[in-house]
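This report concerns only the one structure given below.
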Amino acid sequence: MPEPRFRVAIVGAGPSGLFAAQFLSARDDVAVDIFDRLPTPYGLLRYGVAPDHTSIKAVAHALARVFDAPSVRFLGMVHFGRDVTRDELLTGYDAVIYAVGASEDLRMGVPGEDAVGSRSAREFVAWYSGHPDAEPQSLDGVRQAVAVGVGNVAVDVARILVKEPLALAVTDMPEDVLGELRRARLTDVWVVGRRGPQHASFTTTELRELCRTPGVAVSVDPEAFDDIDDDALDRRTRANVAVLREASGTEVADPRMRLHFLFWRRPVELRGDPVRELVLERTRLDDGRVLGTGETETLEVELVLRAIGYRAVRLPGVAFDEKLGVIPSEHGRVLDGATVAPREYVVGWIKRGPIGVIGTNKSDARETVEQVLADLAELGPRADRVDLVDALAARGFVPSSYDDWRRIEAAEANRGASYARERMKIEAWHELLDLVQAERPGGPIPPG
């Protein structure tokens with residue numbers, strides 16, 4: 001294969017980065033290196049999509065085809081800012097695309113939020129998805145749990161909590177996680193939102209799936225439906241409201257679990273350490289703003305999961321808007337102040353904020369790649385471009401490869417077979433590192 005005229009680096013191997021690579025690999029004059037700090041590609045498709053949502057996770061199989069292109073390399077176990085710097089990437093490539101997503105969660109900002117039993121839904125999702133950085137999540141002593149938020153993350157964590165563990169035993173969920181869910185003795189789960197059901201961002205398919213979980217009785221405060229004009233709602237919202245009305249009116253004989261939707265409430269305090277009570281304040285809208293009414297009520301709970309949104313974090317040396325939590329950009333070109341940063345681009349959540357579904361990243365990546373290709377045509381290749389992989393090897397650092405990922409895949413399939421499953425996640429860092437370093441010289445520095 002002849003040396004390509006251009007080399008592009010993508011930092012982040014999640015959906016947005018892979019869609020960008022897909023568009024770039026269609027060009028025979030562009031080679032793409034995809035960097036990630038993990039030895040596993042696919043980002044939130046692997047570690048953010050619920051294990052029982054196999055149809056969405058199947059998108060990874062389509063995106064995997066990008067690695068079939070000889071012009072695309074996966075370089076895993078490379079931590080941006082530690083193993084490679086912004087300046088090194090700009091020296092080694094004609095363009096750099098940041099696709100790192102949003103890795104922090106928003107906080108509620110209420111007293112008691114740091115107590116034991118108050119957790120991030122992001123951390124909970126990482127745990128049941130088998131992320132190697134995830135902390136174990138104990139459900140010992142938890143009878144009643146709350147998911148704060150009215151988006152798909154809240155729906156996902158609520159569904160995992162109310163679903164029969166037996167129904168999850170066919171997924172790639174780690175066995176330790178399944179064991180914890182089997183031991184759990186939950187009786188009630190709440191989904192709490194500070195606005196009404198007509199303002200929730202649930203996807204109807206996910207909401208309907210949750211509300212129709214076998215053996216689960218659903219309740220919705222009847223007042224939640226007051227003053228809703230169905231004719232004024234868009235199609236998705238009208239369908240969501242209909243799902244909630246139907247679920248709340250459906251009798252379930254001898255339910256094994258109860259699911260409650262509480263709208264027009266906001267958390268104002270968590271009491272106890274560990275948490276034993278959640279104080280909620282009723283809310284109302286005033287000229288589009290959510291205001292408290294001063295009327296409170298208390299739930300007895302042992303687990304509170306905040307699912308109120310994600311936030312990106314600053315990359316070392318890269319422009320960042322602290323207020324919006326994004327890399328400032330114009331159609332994907334990174335802005336440093338009012339100036340376009342030459343040869344730097346951004347895609348995904350760190351470009352537009354944590355909004356949209358997985359498919360949104362495709363059109364987002366197309367917009368950015370169009371700017372990349374236009375600029376490369378105008379600027380031409382770097383005259384002083386160095387081979388960054390060779391430079392890393394010279395200092396004893398060897399990134400993991402796509403072949404290493406395939407070794408991890410095979411090991412997960414073998415582990416799954418012993419449990420009569422298609423695959424089972426390998427979640428421990430030491431096991432991943434053993435697989436990455438098997439049958440190959442050198443290796444990346446272990447995380448730490």
Side-chain angles (χ1 to χ4, degrees), residues 12-14 17-18 34-54 57-58 60-61 63-64 67 73-80 82-84 100-101 103 119-120 122-139 160 165 168-183 392-393 396-448:
L18 295 181
I34 305 171
F35 293 85
D36 201 281
R37 72 178 188 87
L38 298 175
T40 55
Y42 309 125
L44 283 181
L45 277 173
R46 178 172 168 85
Y47 293 121
V49 174
D52 56 340
H53 278 184
T54 54
K57 292 167 76 73
H61 295 298
L63 286 175
F67 294 109
R73 290 189 296 187
F74 174 67
L75 303 173
M77 298 296 296
V78 181
H79 197 143
F80 182 89
R82 185 191 71 180
D83 305 318
V84 67
V100 296
S103 57
R119 309 177 195 167
S120 157
R122 174 184 56 82
E123 295 170 347
F124 195 75
V125 170
W127 167 68
Y128 67 61
S129 297
H131 196 293
D133 289 340
E135 294 289 334
Q137 303 284 308
S138 173
L139 296 174
I160 294 298
L168 296 168
V170 297
T171 72
D172 62 4
M173 185 179 280
E175 186 61 25
D176 286 350
V177 176
L178 270 172
E180 189 65 28
L181 293 172
R182 291 188 190 104
R183 290 187 293 272
L392 290 172
F397 185 92
V398 181
S400 68
S401 67
Y402 193 70
D403 286 341
D404 294 320
W405 157 240
R406 297 302 299 271
R407 189 178 295 113
I408 292 169
E409 270 197 311
E412 290 183 343
N414 288 336
R415 176 173 292 187
S418 63
Y419 290 85
R421 297 199 237 165
E422 184 178 343
R423 66 187 296 147
M424 186 188 296
K425 290 264 186 69
I426 293 174
E427 76 277 29
W429 265 118
H430 69 89
E431 293 181 81
L432 291 171
L433 288 172
D434 285 346
L435 289 163
V436 164
Q437 295 179 358
E439 302 175 9
R440 57 189 291 273
I445 301 170

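Note that these values count all heavy atoms, side chains included, but never hydrogens, waters or copies made by symmetry.
- Atom CD of Glu409 is separated from atom CG of Asn414 by 11.5 Å, given to the nearest 0.5 angstrom.
- Partners of Thr171 by side-chain hydrogen bond (donor to acceptor under 3.5 Å, both in side chains), not counting sequence neighbours: none found.
- The CD1 atom of Ile34 lies 11.0 Å from the CZ atom of Arg73; values are rounded to the nearest 0.5 Å.
- Between the side chain of Ser129 and the backbone N or O of His131, no donor-acceptor pair lies under 3.5 Å.
- The nearest pair of heavy atoms linking Pro39 to Ser400 is CA-OG, 3.7 Å.
- Rounded to the nearest 0.5 Å, atoms CG (Leu178) and CE (Met424) are 7.0 Å apart.
- The closest side-chain heavy-atom distance from Asp36 to Pro41 is not below 4.5 Å.
- Taken from OG1 in Thr40 to CZ in Arg46, the straight-line distance is 5.0 Å, to the nearest 0.5 Å.
- Taken from CZ in Arg183 to OG in Ser138, the straight-line distance is 8.5 Å, to the nearest 0.5 Å.
- Between Val100 and Arg37 there is no side-chain heavy-atom pair separated by less than 4.5 Å.
- Contact annotation: the side chain of Asp176 approaches that of Glu427 to within less than 4.5 Å [non-hydrogen atoms, C-beta and beyond].
- Residues Ile408 and Asp404 are not in side-chain contact: their nearest non-hydrogen atoms beyond the backbone lie 4.5 Å or more apart.
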For a side-chain contact (heavy atoms from CB on, under 4.5 Å) check, start with the C-alpha distance between Met77 and Leu433, then their side-chain angles and the critical distance, and finish with the verdict. CA-CA 9 Å; Met77 298 296 296; Leu433 288 172; 3.5 Å; yes
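- The two residues Asp172 and Pro51 make their nearest non-hydrogen contact at OD1-CB, 3.6 Å.
- Nearest approach of Leu168 to Met173, heavy atoms of both residues: CD1-CE, 4.1 Å.
- Of the listed residues (Glu180, Glu123, Arg119), just one forms a side chain to side chain donor-acceptor pair (under 3.5 Å) with Gln137, and that residue is Arg119.
- Within 6.0 Å of atom CD in Glu431, more than 12 heavy atoms from other residues, nucleotides or ligands are found, so the atom counts as buried in its surroundings.
- Scanning both residues, Val78 and Pro399, for their nearest heavy atoms gives CG2-CB, 3.7 Å.
- With respect to Glu175 and Arg182, a salt bridge is recorded, a charged nitrogen being found less than 4.0 Å from a carboxylate O.
- Using a 4.5 Å heavy-atom threshold, the side chains of Leu432 and Trp405 count as separate.
- Residues Gly48 and Val125 share a closest heavy-atom pair of O-CG1, 3.7 Å.
- Between Asp403 and Arg406, no side-chain nitrogen of the basic residue sits less than 4.0 Å from a carboxylate oxygen of the acidic one, so the salt-bridge criterion is not met.
- Annotation for Arg421 and Ala169: closest pair CD-O, 2.8 Å, computed over non-hydrogen atoms.
- Between the NZ atom of Lys425 and the CZ atom of Arg415 there is a distance of 12.0 Å, given to the nearest 0.5 Å.
- Using cut-offs of 30° and 60° for the angle between ring planes, the Phe67 and Phe74 rings count as perpendicular.
- Taking the ring pair (Phe, Tyr, Trp, His ring centres under 6.0 Å) definition, one finds that Phe124 meets it with Trp127, Tyr128, sequence neighbours left out.
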